[in-house]
J.: 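Sharing a structure here in structure tokens format.
Counting starts at 1 for both ligands and their atoms, in listed order. Computed from heavy atoms alone, side chains included, the values below leave out hydrogens, waters and symmetry copies. Along the sequence shown, residues are numbered consecutively beginning with 1.
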Amino acid sequence: MISKLKNNVIVAPMAGVTDKAFREIALQFGAGLVFTEMISAKGLYYGDKKTKLYFDIDVAAGPVCAQLFGHEPNIIAQTAGCAAKYGAVCLDINSGCPTPKIIKNGDGAALMKDPEVFGQVLDSAVKNAGIPVSVKIRAGWDKYNINAVQLAKIAQQCGVCMITVHGRTAVDYYRGKADWDIIKKVVNSVHIPVIGNGDILTAQDADKMLNITGCAAVMLGRATLGNPWLIKDTVLQFEGKEHIFQPNTAERIKQALYHTRLIIKYKGEYKGIRESRKHVHWYLKGIKGNSNINNLISTAQSYAEMEQYLMQLL
Ligand SMILES: Cc1cc2nc3c(=O)[nH]c(=O)nc-3n(C[C@H](O)[C@H](O)[C@H](O)COP(=O)(O)O)c2cc1C
């Protein structure tokens, strides 16, 4: 799977973030693969219209991996084919989400607590997806139950094509530091490609992730929010062409407005402008004297208003 991509810089699945517009931008900035937000297998199974919207994939923009969450092998069997049907090149199973509303149903990171069900879900996905299947796990449930190596071996046995390891436990949530050592242990215990994830903030960090863990690819998460330039930095870093993009205020505003236009294009102005506010805040992070503008952005009702507020920063 990874060998077929143009590079090994991958952008993480992030619920509420990695929609069609975000993915389009990540691909424009050179990502080798992007992920959808996590999609409920159960929602698909019951024909929920909103759930289906997450599969809005533009095949021409570049390769997308669609991520499903669920824990019932029969429901995964019935829904795994959706990824290919809507144009994804790969289906990923979420086995790392620690959010209470997800784990209370036995989904996401809860799968790590039950390796048997974990295996059944993956087996079902592999048999029914019609495209390569990957899985995204964490180090384990908590520090007393670090079982990423065991889970990776099960995944490999099920025929999974690659494994992403986020070096935190479910109980860690997003606190503390990601443990890259567990990623290395997984790399050394399976022969399928491992994607290293957690705390890559710069292109240099990405290089370190490859060197320290021996992983086949890196997955960039939170550091790409309002900062797609990191993707390009990392691609260039891996090509041995060190070049750090330091976009100035005007470039950041231009990109924020472009991102806003894309969201509006796909979701309409009412929904789009509301969803774009958080992205615009991320683009402006670190720009001095923007607190007043930030307050205004939170109230923007239209693209014209958003543009007017941002222009005040120039
Ligand atoms: C807002 C947000 C939403 C996320 N949603 C998902 C998701 O839908 N599926 C998933 O597997 N991981 C999800 N994650 C976890 C990220 O994919 C990634 O594993 C995590 O942020 C660690 O990487 P980082 O340190 O580079 O951010 C989410 C993270 C954030 C911050």
J.: Between Arg222 and ligand 1, which part of the residue brings a heavy atom under 4.0 Å of the ligand: side chain, backbone, both or neither?
T.: both

J.: Does Lys232 make a cation-pi contact with Phe245 (under 6.0 Å, within 45 degrees of the axis)?
T.: yes

J.: How does Asp199 reach ligand 1, by side chain, by backbone, by both or by neither, if only non-hydrogen atoms under 4.0 Å count?
T.: both

J.: If you measure every N/O of Gly221 against every N/O of ligand 1, is any gap under 3.5 Å?
T.: yes

J.: Answer yes or no: is there a side-chain heavy-atom contact under 4.5 Å between Ser189 and Gln156?
T.: no

J.: Between Lys42 and Asp107 (salt bridge meaning N to carboxylate O under 4.0 Å), is one present in this structure?
T.: no

J.: At what distance is the nearest protein heavy atom to atom 15 (C) of ligand 1, and which residue and atom is it?
T.: Tyr174 OH, 3.4 Å

J.: Taking all heavy atoms of Gly214 and all of Val187, pick out the closest pair and write down the distance.
T.: O-CG1, 3.5 Å

J.: Going by the atom numbers of ligand 1, which of them fall below 4.0 Å from some non-hydrogen atom of Ala12?
T.: 17 (O)

J.: Is the terminal nitrogen or CZ of Arg274 (NZ for Lys, CZ for Arg) located under 6.0 angstrom from the six-membered ring centre of Tyr303 and within 45° of that ring's axis?
T.: no

J.: Can you find a non-hydrogen atom of Gly16 under 4.0 Å from ligand 1?
T.: no

J.: For ligand 1, which atoms sit closer than 4.0 Å to a heavy atom of His166?
T.: 19 (O), 20 (C), 22 (C)

J.: Examine Pro13 against ligand 1 and note whether any of their N/O atoms are separated by less than 3.5 Å.
T.: yes

J.: Using heavy-atom distances, let me know which of Gln67, Lys177, Glu37, Met209 sits nearest atom 11 (O) of ligand 1.
T.: Gln67

J.: Does even one non-hydrogen atom of Phe35 get within less than 4.0 Å of ligand 1?
T.: no

J.: Which of the numbered atoms in ligand 1 are under 4.0 angstrom from any heavy atom belonging to Gly198?
T.: 23 (O), 25 (O)

J.: Counting only heavy atoms from other residues, nucleotides and ligands, does the tally under 6.0 Å from NZ of Lys278 exceed 12?
T.: yes

J.: For atom 3 (C) of ligand 1, what's the nearest protein heavy atom and its distance?
T.: Ala15 N, 3.2 Å

J.: Please walk me through it: do Asp172 and Lys143 pass salt bridge (Lys or Arg N to Asp or Glu O under 4.0 Å)?
T.: CA-CA 9 Å; Asp172 287 341; Lys143 64 180 175 182; over 6 Å; no

J.: Could you identify the single nearest non-hydrogen protein atom to atom 19 (O) of ligand 1 and state the distance to 0.1 Å?
T.: Asn197 OD1, 2.6 Å

J.: Do Met1 and Pro193 have side-chain heavy atoms sitting under 4.5 Å apart?
T.: no

J.: Would Met38 count as a polar contact of ligand 1, with the cut-off being nitrogen or oxygen pairs under 3.5 Å?
T.: yes

J.: Is ligand 1 under 4.0 Å from a heavy atom in the side chain of Lys136, in the backbone, in both, or in neither?
T.: side chain

J.: Does the side chain of Thr36 reach to within under 4.5 Å of the side chain of Met14, using non-hydrogen atoms?
T.: no

J.: Side chains of Pro63 and Leu5, heavy atoms from C-beta outward: is any pair under 4.5 Å?
T.: yes

